[in-house]
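What follows is a short report on a single structure.
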Amino acid sequence: MAQRDSIPAPNFIRNIIAEDLKANKNEGRVITRFPPEPNGYLHIGHAKSICLNFNLAAENGGTCHLRFDDTNPSKEEIEYIESIKKDVQWLGFNWGKHLYYTSDYFEKLFDYAVRLIKDGKAYVDSLSADEIRKYRGTLTEPGKDSPYRGRSSGENLDLFERMRAGEYEDGAHVLRAKIDMASPNLNMRDPTMYRIRRAVHHRTGDRWCIYPMYDFAHCLSDSIEGITHSICTLEFEDNRPLYDWFLEELGVHHPQQIEFARLNLTHTVLSKRKLIELVKDQHVTGWDDPRMPTISGLRRRGYTPEAIRDFCERIGVAKRDSMVDVALLEHCLRENLNKKSPRVMAVLNPLRVVIDNYPEGQVEELEAENNPEDPDMGTRKVPFSRELYIEQEDFREDPPKKFFRLAPGREVRLKHAYYVTCVSVIKNEKTGAVTELHCTYDSETRGGWSKDGRKVKGTLHWVSAAHALKAEVRLYDHLFLKENPIEAKDGTDFKADLNPDSLETLTRCRVEPSLADVQPASRYQFLRQGYFCLDSADSSPGLLVFNRTATLRDTWAKIQKAQEKG
RNA sequence: UGGGGGAUCGUCUAGUGGUAGGACAAUGGACUCUGGAUCCAUUGGCGAGGGUUCAAAUCCUUCUCCCCCAGCCA
């Protein structure tokens, strides 16, 4: 564990970079980049890539660029650019002055394309999209040359200039690299470099009506920025020969593309398409719904950047497909929150308790530690009075084995307060539901200690009825029931695995009065319940709304489960 | 039946010829004014077969399984 803080664990990319450094490749520079397309919100899978790229650079005294890969004006929006910048910053990374856009290079890219045309390495094709597909061949059959493949470089140059000038309709022509229509790698069968697309670009407006494709733009953007290690996900392995081809033909700075396996997490989905579908079909309230694996969702849920960074380090980096247990993410979160969250008492499902022998009208301010893990966090005062609320599930009229909480005749400790004994139970005559408990307290146990040394098995959290604040609490659970929600063979889609109980809203909660002036997004441990944070969107001074970030480990729940099984 | 990748405890990941290690999960115990935290222990793995070697997760070989690729998306 201490190793995490000092020497980073080895992974194959760290090893490659270490070897490059040893061989003095790139004169010892390490420059990486995180290149999102601004057409969606960042999620935990992107966080893996962000941590990888920024950490690799930082560990080696290098820099990491943030570059928006904005080559497709019909899909991209400014809203996404802002959210991506915010998320990267929130995660704790700083691109400094290295904020770039592929669209910054459109003019240079055009010049590179012209050079390839002049060298006879690119040509304008006038086949339709449909025809191009047919000419491409299949996985097992080679493609065939387009009838336009033999155009002279003069003709190609003229056509390409006129494409740029806007003389043709969308789709009338494309610029293609002239490589090999019989290549077993489909990417090398004369890939498209430019297409005509009359759309307003969020940065270049209507200055262009031709836009470069990913394969052409990406490698050259990396090259222009002096990137040394271009790290991407596995599905681009087949694109690497093309990445290398453009840079080789143009004789420019040649970064090394390295591919790693993208993150998969149990009980959620991380594909952009599926995430969009959840938002669009209103299975969640938006991109920042606290159940979403998006950075904005995790933030609103109460996750910390430290926890996410720790997680990204612990999952490692490799090339095999993998599915990480979401329990690891939750572990990183709890470990971080346990150390820094102040403890408070909140009753989620209140049950009224009257302390019969406590003087009516009396109020005591009892001292409570804010965090047993960190005495420096100090103490606070909690009011105690004759009428209290405890958690409904902390009382059982007929307690099962190993139930250490309150029951008729049984004595328990109220945290930071007194030992109390249940003397009678009041029930609703019709339903039989327990509506109120009567207890007596031992005035000699103030603060929760007994001088005679007698022990109690259980300690309960509570609030004073007259002093408690009302609050709404949202309990979140995994979005999906199955570990890996995928399309089934019978055609039912991944949404069939949605957890119907992923959100439970409790509106009658009572929290201790010290929470009156909580700051937005501040995080607490509700004693014996879990970690909670104030909801940044729906909470207001008049209505406190808390999100459950994570539960505490619940040993009692395990015991109960085991008992049910017999 | 084309090409490119990948297989190590339940999960993730180290290990590049010399006793297969860590983390999460699980289980048991200690401790505890949170059935939390902490601490200790236990369980459990090299996809399969053949070969080379004193010695193989690692080298050779055959096989099996999984992932990706036929956008004018990235």
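Every chain is numbered from 1 and lettered A, B, ... according to where its sequence line falls, protein lines coming before strand lines.
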Notebook entry, point to check: Which residue, Q525(A) or K75(A), contacts RNA chain B at a nucleotide closer to its 5' end, judged by nearest heavy atom?
Noted result: Q525(A)
Note to self: For G35(B), is there a stacking contact with W556(A), counting only centres under 5.5 Å and planes under 30°?
What the structure shows: yes
Next item on the list: Considering just the side-chain nitrogens and oxygens of N15(A), establish if one lies under 4.0 Å of OP1 or OP2 belonging to G15(B).
Entry: yes
Item checked: Protein-nucleotide distance (E483(A), atom CD; C24(B), atom C1'), rounded to Å -> 13 Å
Check: For residues T379(A) and E369(A), is any side-chain donor paired with an opposing acceptor at under 3.5 Å?
Finding: no
Notebook entry, point to check: Between H201(A) and F106(A), does the ring centre distance come in under 6.0 Å?
Noted result: yes
Notebook entry, point to check: Any side-chain N or O of R189(A) less than 4.0 Å from the OP1 or OP2 oxygen of A70(B)?
Noted result: no
Check: From G35(B), A37(B), A70(B), pick the nucleotide closest to the side chain of T459(A)?
Finding: G35(B)
Margin query: Side chain of F403(A) only, heavy atoms from C-beta on: which candidate in A37(B), G35(B), G4(B) is closest?
Written below: G35(B)
Item checked: Selection from C73(B), G35(B), A74(B) that lies nearest to any side-chain heavy atom of F236(A) -> A74(B)
Next item on the list: Please determine, for the side chain of K558(A), which listed nucleotide (U27(B), A14(B), G36(B)) has the closest atom?
Entry: U27(B)
Check: Is any side-chain nitrogen or oxygen of R136(A) closer than 4.0 Å to OP1 or OP2 of C69(B)?
Finding: no
Margin query: So if I take every side-chain heavy atom of T71(A) and compare against C72(B), G35(B), A74(B), which nucleotide ends up nearest?
Written below: A74(B)
Next item on the list: Select one nucleotide: of C24(B), A7(B), G35(B), the one nearest the side-chain heavy atoms of R314(A).
Entry: C24(B)
Note to self: Looking only at the side chain of P10(A) (C-beta and beyond, no hydrogens), which of the listed nucleotides C12(B), G15(B), C73(B) gets closest?
What the structure shows: G15(B)
Margin query: Starting the side chain at C-beta, find the nucleotide from G2(B), G71(B), U11(B) nearest to D325(A).
Written below: U11(B)
Item checked: Canonical and wobble pairing (Watson-Crick, G-U, under 3.5 Å) of RNA chain B, dot-bracket with | -> .((((((..((((....[..)))).(((((.......)))))....(((((..]....))))))))))).....
Item checked: Pair R410(A), T421(A): side-chain N/O donor-acceptor within cut-off below 3.5 Å -> no
Notebook entry, point to check: Below 4.0 angstrom from OP1 or OP2 of G36(B), is there any side-chain N or O of T555(A)?
Noted result: yes
Note to self: Closest approach to the side chain of A318(A), judged atom by atom: which nucleotide of U34(B), A14(B), C73(B) is it?
What the structure shows: A14(B)
Check: For A37(B), does either OP1 or OP2 sit under 4.0 Å from a side-chain N or O belonging to R334(A)?
Finding: no
Note to self: With a 4.0 Å limit, can you tell me whether R320(A) has a side-chain N or O closer than that to the phosphate oxygens OP1/OP2 of U13(B)?
What the structure shows: yes
Check: Is there a side-chain polar atom (N or O) of K319(A) under 4.0 Å from OP1 or OP2 of A7(B)?
Finding: no
Item checked: Aromatic plane relationship, F546(A) with Y524(A) - under 30° parallel, 30 to 60° tilted, over 60° perpendicular -> perpendicular
Next item on the list: Using a cut-off of strictly less than 4.0 Å, decide whether H461(A) has a side-chain nitrogen or oxygen near OP1 or OP2 of U34(B).
Entry: no
Next item on the list: Find the distance K455(A):NZ to U32(B):P and express it as a whole number of Å.
Entry: 6 Å
Check: Which part of the nucleic acid, if any, lies within contact of R413(A), taking any heavy atom under 4.0 Å across all strands shown: a base, the sugar-phosphate backbone alone, or nothing?
Finding: base
Note to self: Just to be sure I understand the rule, does H218(A) reach a base, reach only the sugar-phosphate, or reach nothing, if contact means heavy atoms closer than 4.0 Å?
What the structure shows: nothing
Margin query: Looking at R203(A) and D104(A), is any side-chain nitrogen of the basic one under 4.0 Å from a carboxylate oxygen of the acidic one?
Written below: yes
Next item on the list: When you get a sec, tell me which of G71(B), A70(B), G36(B) is the closest nucleotide to the side chain of T138(A)?
Entry: A70(B)
Check: Closer than 4.0 Å, any side-chain N/O of R195(A) to the OP1 or OP2 of A74(B)?
Finding: yes
